[in-house]
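Input: a single structure, listed below in structure tokens.
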Amino acid sequence: MTNNNPTLFIVVPCFNEQEALPESHSRLSQLMEEMIAAGAVSQQSRLLYVDDGSRDDTWEIINGLASENRRVAAVKLASNSGHQNALMAGLAAAVEHCDITVSIDADLQDDINVIPQMVERYKDGCDIVFGVRRERKTDSWFKRTTAGMFYKMMNRLGVDTINNHADYRLMSRRAVMALLDYKERNLFIRGIVIKLGYKTDCVYYDRSARTAGESKYPLRKMMNFAIDGITSFSVKPVRMVFMVGVLFLIIALIMLVYVLTAYFMGRAVSGWPSLILSVWLVGAFILIGLGIIGEYVGKIYTEVKNRPRYNVDTTIGLDND
């Protein structure tokens with residue numbers, strides 16, 4: 001049965017966000033007070049910041065905010081565990097104290113003003129409400145293009161995704177509990193959430209440009225995330241084999257251009273073109289195939305070790321009372 005005065009925890013993973021955090025907290029705190037005053041959420045609602053092993057003053061700022069504002073709770077991870085693991089740590093810490101959670105990145109590029117809409121959709125019976133960008137005008141042409149290719153590729157491979165949705169969403173307590181039952185170490189939360197099976201809906205918004213700090217997802221990290229990251233340091237050689245295979249394929253294509261040029265200019269040696277192309281192409285495809293198989297083997301290796309996703313160092317404001 002839906003609670004008409006739910007307790008809301010807004011979960012905010014943070015990694016080196018000392019520049020953006022003060023402004024982000026001010027906006028989130030104001031929104032929280034407005035929602036409480038309007039009776040949309042209960043007095044026990046909180047902002048929950050998760051410090052993902054930041055190397056700057058992020059934790060000191062969070063600690064100060066918690067000491068000044070009773071509506072601030074915090075979790076400090078012992079080391080940098082990655083955005084997805086930090087998000088799971090925040091959800092796991094929040095679920096015992098709230099009816100609903102909203103996860104959002106600390107830069108607040110996602111529009112916080114749709115959070116009340118998310119809560120209303122929850123009250124209408126939805127367990128999961130996705131925040132979806134209307135368009136990608138604030139992104140570069142390269143990022144818009146690669147993002148579109150990513151979603152198309154994932155859908156064609158049979159992975160259910162929602163276009164232009166990242167990790168900005170509302171989840172009910174039972175949805176979070178179901179998510180926490182997924183124990184894999186190679187997390188792709190936005191794909192798992194869709195498979196939970198509970199009633200869902202979407203709210204749409206326009207994304208803003210980052211006002212402070214720098215993106216924590218440069219091209220290198222986006223590529224790693226798209227292929228589920230490097231599963232463990234001991235699997236890096238497998239990824240390197242795959243990249244060598246791609247390099248060989250590029251060389252093969254260059255050799256093809258050279259062979260065709262030599263052929264049309266009458267300088268081709270009989271039998272040499274087909275031999276050299278065969279060597280490069282077969283070698284490339286073998287290495288690519290080994291790399292792909294190795295990626296799956298690497299993920300199995302990571303899973304069977306059954307190591308914890310993260311270790312919690314400190315918590316603030318999460319006592320049972």
Side-chain angles (χ1 to χ4, degrees), residues 1-14 23-50 71-73 83-84 86-136 138 160-180 189-208:
M1 184 175 180
T2 302
N3 187 348
N4 287 323
N5 188 30
T7 298
L8 166 67
F9 269 49
I10 299 178
V11 179
V12 188
C14 305
E23 174 64 21
S24 297
H25 171 73
S26 176
R27 293 170 57 192
L28 285 171
S29 181
Q30 180 180 352
L31 176 68
M32 181 68 80
E33 294 299 334
E34 291 173 354
M35 294 178 68
I36 291 174
V41 296
S42 76
Q43 290 281 348
Q44 287 72 42
S45 298
R46 298 286 185 270
L47 303 175
L48 174 59
Y49 296 105
V50 183
R71 300 200 194 281
V72 174
H83 177 272
Q84 299 287 279
L87 178 53
M88 290 292 278
L91 294 175
V95 71
E96 298 179 5
H97 308 275
C98 66
D99 300 301
I100 50 176
T101 64
V102 170
S103 56
I104 188 169
D105 290 341
D107 55 24
L108 294 196
Q109 288 184 266
D110 300 311
D111 185 7
I112 65 172
N113 294 313
V114 300
I115 292 179
Q117 296 179 38
M118 291 180 171
V119 175
E120 287 303 314
R121 302 290 172 86
Y122 162 75
K123 292 178 180 180
D124 290 338
C126 293
D127 283 280
I128 303 168
V129 184
F130 299 104
V132 181
R133 297 172 62 175
R134 287 193 182 92
E135 51 193 359
R136 287 182 167 267
T138 57
D160 293 330
T161 58
I162 295 178
N163 287 0
N164 295 327
H165 164 70
D167 287 304
Y168 184 29
R169 69 181 72 87
L170 176 146
M171 299 182 70
S172 68
R173 176 185 290 172
R174 70 170 181 170
V176 174
M177 293 295 291
L179 175 63
L180 295 175
I189 296 176
R190 67 189 70 172
I192 297 173
V193 169
I194 297 176
K195 293 185 176 296
L196 297 181
Y198 296 121
K199 184 178 179 181
T200 66
D201 203 347
C202 297
V203 297
Y204 297 89
Y205 65 95
D206 295 316
R207 199 165 197 248
S208 305

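One-based numbering along the sequence shown.
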N/O donor-acceptor pair under 3.5 Å between D99 side chain and T7 backbone | yes
For C202, does its backbone N or O pair with a side-chain atom of R121 as donor and acceptor, under 3.5 Å?
-> yes
Does any N or O in the side chain of R173 come within less than 3.5 Å of the main-chain N or O of E96, such that one atom is a donor and the other an acceptor?
-> no
Check for a donor-acceptor pair, side chain of K123 on one end and backbone N or O of P6 on the other, with a separation under 3.5 Å.
-> no
Starting from the C-alpha separation in whole Å, work towards a yes-or-no answer on side chain to side chain contact (heavy atoms under 4.5 Å, CB included) for M171 and I100.
-> CA-CA 6 Å; M171 299 182 70; I100 50 176; over 6 Å; no
With distance as the sole test, does D105 use its side chain to make a donor-acceptor pair with the main-chain N or O of D107 at under 3.5 Å?
-> no
Y205 side chain to I112 main-chain N or O, any donor-acceptor pair under 3.5 Å?
-> no
Between R133 and D206, is there a side-chain N and carboxylate O pair less than 4.0 Å apart?
-> no
Please test L28 against Y49 for side chain to side chain contact (heavy atoms under 4.5 Å, CB included), starting from the C-alpha separation and ending with a verdict.
-> CA-CA 11 Å; L28 285 171; Y49 296 105; 4.1 Å; yes
Determine whether more than 12 heavy atoms belonging to other residues, nucleotides or ligands lie under 6.0 Å from atom CE of M35.
-> yes
Does S29 reach the main-chain N or O of S26 with its side chain, forming a donor-acceptor pair under 3.5 Å?
-> no
Is any side-chain heavy atom of H83 less than 4.5 Å from a side-chain heavy atom of D167?
-> yes
Can you name the residues that form a ring-ring contact (aromatic ring centres under 6.0 Å, His included) with F130, not counting sequence neighbours?
-> H165
How about V119 and L170: do any of their side-chain heavy atoms sit closer than 4.5 Å?
-> yes
Taken in chain and number order and not counting sequence neighbours, the residues that satisfy salt bridge (charged side-chain N to carboxylate O under 4.0 Å, His left out) with R46 are none
